[in-house]
Enquirer: 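Got a structure for you, written out below as structure tokens; questions coming shortly.
Since the structure is predicted, the reported quantities are computational estimates derived from the model, not experimental observations.
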Amino acid sequence: MNDIIIELKNVNKSYSDKPVVKNVSLAIRRGEFVTLLGPSGCGKTTTLRMLAGFEQPTSGQVLFNGQDITDLPPHKRNINTVFQKYALFPHLNVFGNIAYGLKLKLIPSGEPFVDKKGNTVQKMRHLTKAEIADKVNNSLKMVDLEDYGHRAVNSLSGGQQQRVAIARALVNEPQVLLLDEPLGALDLKMRKDMQLELMQMHKTLGITFVYVTHDQEEALTMSDKIVVMKDGVIQQIGTPTKIYDEPANAFVADFIGESNILSGTMVKDFCVDISGHKFECVDKGFKRNEPIDVIIRPEDIKIVDIADKQCLVEAEVLTCVFKGDHYQVTALTYGDERNELIIHDNVEVKVGDKIGLYIKPFDFHIMHKARIINTLEGVIHDEKVVEFCDGRFDCVTDLPAGTRVKVVIDFDDVELTDDEEDGTIGATIISSIYKGSYWQYIVRTDNYYDFFVDNDYEWTLNDRVGIKIAADKIVLEPILNDTPTEEQNND
């Protein structure tokens, strides 16, 4: 038997021409606990709803046990869903809620027979009351609610209601259980308890669980495999250990646990430069002097005496907070550019102390940058005016009107304004990563172009901002052929 139970092949989903899931391909093995993880709006719930049949892909295929079920309605799929809001019927008691689906279910009543037209058909019947009661009681036992069948669902706690919702999904004996942020409405303690119960259920039942959450700790605790999503695109697939220890890019590192994310230069194989300090690392295969991102987990930075031979860089302590099993220290390094680092160690230090820091070569995680410069396509609108992203910007050029041009802009030459009316065009903050001494944003214009912006000011996700660019910071090159620009490749 094929080990793959669910497969998504090149699945896309758009609403009103706005893409929310982009070319997602994913194979889920029989019996796995797979978690779709990402921030709000990343496409994880839409992906789950396409598996359930509540949404149809704009393009691509959904396969179940090797069969194409893309157009199959939800009730014909051997897949059940548990929702965050429980979706229990308030007029039915616990038993009635769990039994509801069974009362509608039809099962074969015996041997197939040949009808008057010569077709071999299977006679179907409803479950008997005794069969329904037996299945419901088994499901109640499974979720530890054996004596609750007569209770009104409104009299139950949030955790108990969630168990009822899970029992209602399991009573139909699905091959796959989909869970859409099922613990989101619970308090912290109840959520922790339910995590353990779900893990035990998965182990006992042996069926496939596909779980959606934005909670990183939840995903790391419960999953066999994590699928990290951002902006409708899968960023990384791997085990919890792989995702945490070897993040695929800066977004994954920033989203999964705490990380220090810094810009650096790969001087040569096994040597990285961060703000003028050269460190030994274990990475190779990068171009000489290639700009890269460096990821360092807080627990991988060790505090040493500045006179210690292990000291790689000196820093000034900004804060020191006791966290129970470690101290969380914020320190500012000395160097060409002073970077702020978060450190988890069992060494207590005081604000203002000068400390040494040691990082093993293995604990520098080197990443290719997603982009090193903003490149898009525009057209010369008028004398010294270029039009791109539905905006007209002053520029320095002698090119005639109508000339198609490649527009190149450095990250730190894009100016953001609090009031979008003060900018030439408006945009939305869709990503922010602190890089030790500045913030790196991705801002999306209204025509879906993403600008990378380096800025000292802190904005929050979904803030509306204006974009301004000085005329002398816009580099223009005439397009002499049909070579696609980054903007075209970005679509």
Enquirer: Cation-pi check for Phe393 against Lys473: NZ or CZ below 6.0 Å from the six-membered ring centre and within 45 degrees of the axis, yes or no?
Expert: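 Not satisfied by the 6.0 Å and 45° rule.
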Enquirer: Is there a side-chain contact (heavy atoms from CB on, under 4.5 Å) between Ile425 and Asp446 once you walk through the steps?
Expert: CA-CA 8 Å; Ile425 55 176; Asp446 295 332; over 6 Å; no
Enquirer: So Trp459 and Tyr441, would you call those rings parallel, tilted or perpendicular, with 30° and 60° as cut-offs?
Expert: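 Rings of Trp459 and Tyr441: perpendicular, over 60°.
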Enquirer: Measure the spacing between CD of Gln310 and CG of Leu312 and express it to the nearest 0.5 Å.
Expert: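 That separation rounds to 8.0 Å.
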Enquirer: Judged by atom type as modelled, is there a donor-acceptor pair below 3.5 Å linking the side chain of Gln216 to the main-chain atoms of Phe255?
Expert: yes
Enquirer: Quick one: do the Gln200 and Thr204 side chains pair a donor with an acceptor below 3.5 Å?
Expert: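 The criterion, which ignores hydrogens and geometry beyond distance, is satisfied for Thr204 and Gln200.
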Enquirer: When you check the gap from the basic side-chain N to the acidic O, do Arg30 and Asp3 get nearer than 4.0 Å?
Expert: no
Enquirer: Pair Asp463, Asp418 - check side-chain contact (heavy atoms from CB on, under 4.5 Å), show working.
Expert: CA-CA 9 Å; Asp463 275 354; Asp418 278 319; over 6 Å; no
Enquirer: Under the side chain to side chain donor-acceptor pair (under 3.5 Å) test against Asp180, which residue among Thr81, Thr213, Thr45 passes?
Expert: Thr45
Enquirer: Can you tell if the side chain of Val313 reaches within under 4.5 Å of the side chain of Tyr334, non-hydrogen atoms only?
Expert: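 The answer is no, as the side chains (C-beta and beyond) never meet within the 4.5 Å cut-off.
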Enquirer: For the residue pair Gly423 and Thr417, what are the closest heavy atoms and their distance?
Expert: N-OG1, 3.7 Å
Enquirer: Do His365 and Glu246 have side-chain N/O donor and acceptor atoms under 3.5 Å apart?
Expert: no
Enquirer: Answer yes or no: is there a side-chain heavy-atom contact under 4.5 Å between Asn374 and Val408?
Expert: no
Enquirer: Mark yes or no for whether Asp231, through its side chain, and Val233, through its backbone, hold a donor-acceptor pair below 3.5 Å.
Expert: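 Side chain of Asp231 to backbone of Val233, a donor-acceptor pair under 3.5 Å: no, none is there.
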Enquirer: For Val329 versus Val317, what's the shortest heavy-atom pair and its separation?
Expert: CG1-CG1, 4.1 Å
Enquirer: So does Asp472 have more than 12 non-hydrogen atoms from other groups sitting under 6.0 Å from CG?
Expert: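 Counting other residues, nucleotides and ligands, CG of Asp472 exceeds 12 neighbours.
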Enquirer: Does CD1 in Ile372 sit with more than 12 non-hydrogen atoms of other residues, nucleotides or ligands closer than 6.0 Å?
Expert: no
Enquirer: Is Asp394 paired with Lys468 through a side-chain N to carboxylate O contact shorter than 4.0 Å?
Expert: no
Enquirer: Side chains of Asn447 and Thr445: any donor to acceptor distance under 3.5 Å?
Expert: yes
Enquirer: For a quick test of reading the model, state the closest non-hydrogen atom pair linking Ala219 to Pro240 and the distance between them.
Expert: O-CG, 4.4 Å
Enquirer: Can you tell me how far the CD atom of Glu314 sits from the CG atom of Leu357, to the nearest 0.5 Å?
Expert: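 Glu314 atom CD to Leu357 atom CG measures 9.0 Å (nearest 0.5 Å).
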Enquirer: Assess, by modelled atom type and distance only, whether the side chains of Thr333 and Arg338 contain a donor and an acceptor separated by less than 3.5 Å.
Expert: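 Thr333 vs Arg338: no donor-acceptor pair found between side chains.
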Enquirer: Determine, step by step, whether His368 and Phe286 satisfy the side-chain contact (heavy atoms from CB on, under 4.5 Å) criterion, reporting the C-alpha distance in whole Å, the side-chain angles of both residues, the deciding distance to 0.1 Å, and the verdict.
Expert: CA-CA 8 Å; His368 291 284; Phe286 292 79; 3.5 Å; yes
Enquirer: So Ile429 and Leu416, side-chain contact (heavy atoms from CB on, under 4.5 Å) or not? Walk me through it.
Expert: CA-CA 10 Å; Ile429 304 282; Leu416 301 182; 4.2 Å; yes
Enquirer: Provide the closest heavy-atom pair for Val82 versus Ala165 in the form atom of the first, atom of the second, distance.
Expert: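 Distance-wise, the nearest heavy atoms are CG2-O, 4.0 Å.
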Enquirer: Has Lys384 got more than 12 heavy atoms of other residues, nucleotides or ligands less than 6.0 Å from its NZ?
Expert: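 Counting neighbours around NZ of Lys384, more than 12 heavy atoms of other residues, nucleotides or ligands fall under 6.0 Å, so yes.
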Enquirer: Give the ring-plane orientation class for Phe209 versus His202, where under 30° counts as parallel, over 60° as perpendicular and anything between as tilted.
Expert: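 Aromatic pair Phe209/His202 classed perpendicular.
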Enquirer: Of all heavy-atom pairs between Val24 and Ile234, which one has the smallest distance, and what is that distance?
Expert: CG1-CD1, 3.7 Å
Enquirer: With distance as the sole test, does Asp305 use its side chain to make a donor-acceptor pair with the main-chain N or O of Ala307 at under 3.5 Å?
Expert: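 The answer is yes, because a donor-acceptor pair under 3.5 Å joins these two groups.
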Enquirer: Go through Ser263 and Lys369 one step at a time and tell me if the side chain to side chain donor-acceptor pair (under 3.5 Å) criterion holds.
Expert: CA-CA 9 Å; Ser263 290; Lys369 283 185 175 289; 3.1 Å; yes
Enquirer: Using the side chain to side chain donor-acceptor pair (under 3.5 Å) definition, which of the options Glu218, Glu217, Glu197 pairs with Lys192?
Expert: Glu217
Enquirer: Please say whether more than 12 non-hydrogen atoms of neighbouring residues, nucleotides or ligands are located less than 6.0 Å from CZ in Phe270.
Expert: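 Yes, because the 6.0 Å sphere around CZ of Phe270 holds more than 12 heavy atoms from other groups.
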Enquirer: Side chains of Leu8 and Met50: does their closest heavy-atom pair fall under 4.5 Å?
Expert: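 Result no, sub-4.5 Å side-chain heavy-atom pair not found.
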Enquirer: Side-chain contact test, heavy atoms from C-beta onward, threshold under 4.5 Å: evaluate it for Leu262 versus Lys435 and give yes or no.
Expert: no
Enquirer: On the ring face of Tyr244, is Arg297 found with NZ or CZ under 6.0 Å from the centre and within 45° of the axis?
Expert: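 Arg297 over Tyr244 ring: yes.
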Enquirer: Quick one: are Lys13 and Val11 in side-chain contact, heavy atoms under 4.5 Å?
Expert: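 Lys13 does not reach Val11 side chain to side chain.
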Enquirer: Judged by atom type as modelled, is there a donor-acceptor pair below 3.5 Å linking the side chain of Ser25 to the main-chain atoms of Asn10?
Expert: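 Judged by distance alone, yes, a pair lies under 3.5 Å.
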Enquirer: Please determine, by modelled atom types, if Ser59 and Asn12 share a side-chain donor-acceptor pair under 3.5 angstrom.
Expert: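 Short answer, yes.
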Enquirer: If only atom types and distance count, is the side chain of Thr330 paired as donor or acceptor with the main-chain N or O of Thr319 below 3.5 Å?
Expert: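 Not confirmed, Thr330 side chain does not pair with Thr319 backbone.
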Enquirer: One thing to verify: whether Asp224 and Arg29 come together as a salt bridge, which I'm taking to mean a side-chain N less than 4.0 angstrom from a carboxylate O.
Expert: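 Asp224 and Arg29: not salt-bridged.
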Enquirer: Report the distance from atom OG1 of Thr208 to atom CD1 of Ile5, rounding to the nearest 0.5 Å.
Expert: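 Answer rounded to 0.5 Å: 4.0 Å.
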Enquirer: Working to the nearest 0.5 Å, report the span between CD1 of Ile442 and CD1 of Ile433.
Expert: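 Answer rounded to 0.5 Å: 7.0 Å.
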Enquirer: Does a side-chain heavy-atom distance below 4.5 Å link Ile261 with Tyr434?
Expert: no
Enquirer: Classify the ring geometry of Tyr449 against Phe451: parallel below 30°, tilted from 30° to 60°, perpendicular beyond 60°.
Expert: perpendicular
Enquirer: With a sphere of 6.0 Å drawn around CG of Asp325, does it hold more than 12 non-hydrogen atoms of other residues, nucleotides or ligands?
Expert: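 Yes, because the 6.0 Å sphere around CG of Asp325 holds more than 12 heavy atoms from other groups.
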Enquirer: Just wondering, do Ile256 and Gln236 contact through their side chains at under 4.5 Å, heavy atoms?
Expert: no
Enquirer: Looking at every non-hydrogen atom in both residues, tell me the closest pair between Ile366 and Cys281 and how far apart they are.
Expert: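 Reported closest heavy-atom pair: CG1-SG, 4.4 Å.
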Enquirer: Indicate yes or no for a side-chain donor-acceptor contact from Glu316 to the backbone of Leu332 under 3.5 Å, with no hydrogens or angles considered.
Expert: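 Not a single qualifying donor-acceptor pair exists.
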Enquirer: Heavy-atom count around Lys9 NZ within 6.0 Å, excluding the residue itself: above 12?
Expert: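 At most 12 heavy atoms, drawn from other residues, nucleotides or ligands, come within 6.0 Å of this atom.
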Enquirer: Are any of the side-chain heavy atoms of Pro182 and Ile166 separated by less than 4.5 Å?
Expert: no
Enquirer: Salt bridge between Arg288 and Asp269, side-chain N to carboxylate O under 4.0 Å?
Expert: no
Enquirer: Return yes if some donor-acceptor pair links the side-chain N/O of His326 with the main-chain N/O of Ile343 below 3.5 Å, else return no.
Expert: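 Flag not set: sc His326 to bb Ile343 has no pair under 3.5 Å.
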Enquirer: Working to the nearest 0.5 Å, report the span between CG of Asn260 and CD1 of Ile274.
Expert: 10.0 Å
Enquirer: When rounded to the nearest 0.5 angstrom, what distance separates CD1 in Ile292 from CG in Asp283?
Expert: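 Rounded to the nearest 0.5 Å, the CD1-CG separation comes to 8.5 Å.
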Enquirer: Where the side chain of Lys44 meets the backbone of Pro39, is there a donor-acceptor pair that is under 3.5 Å apart?
Expert: yes
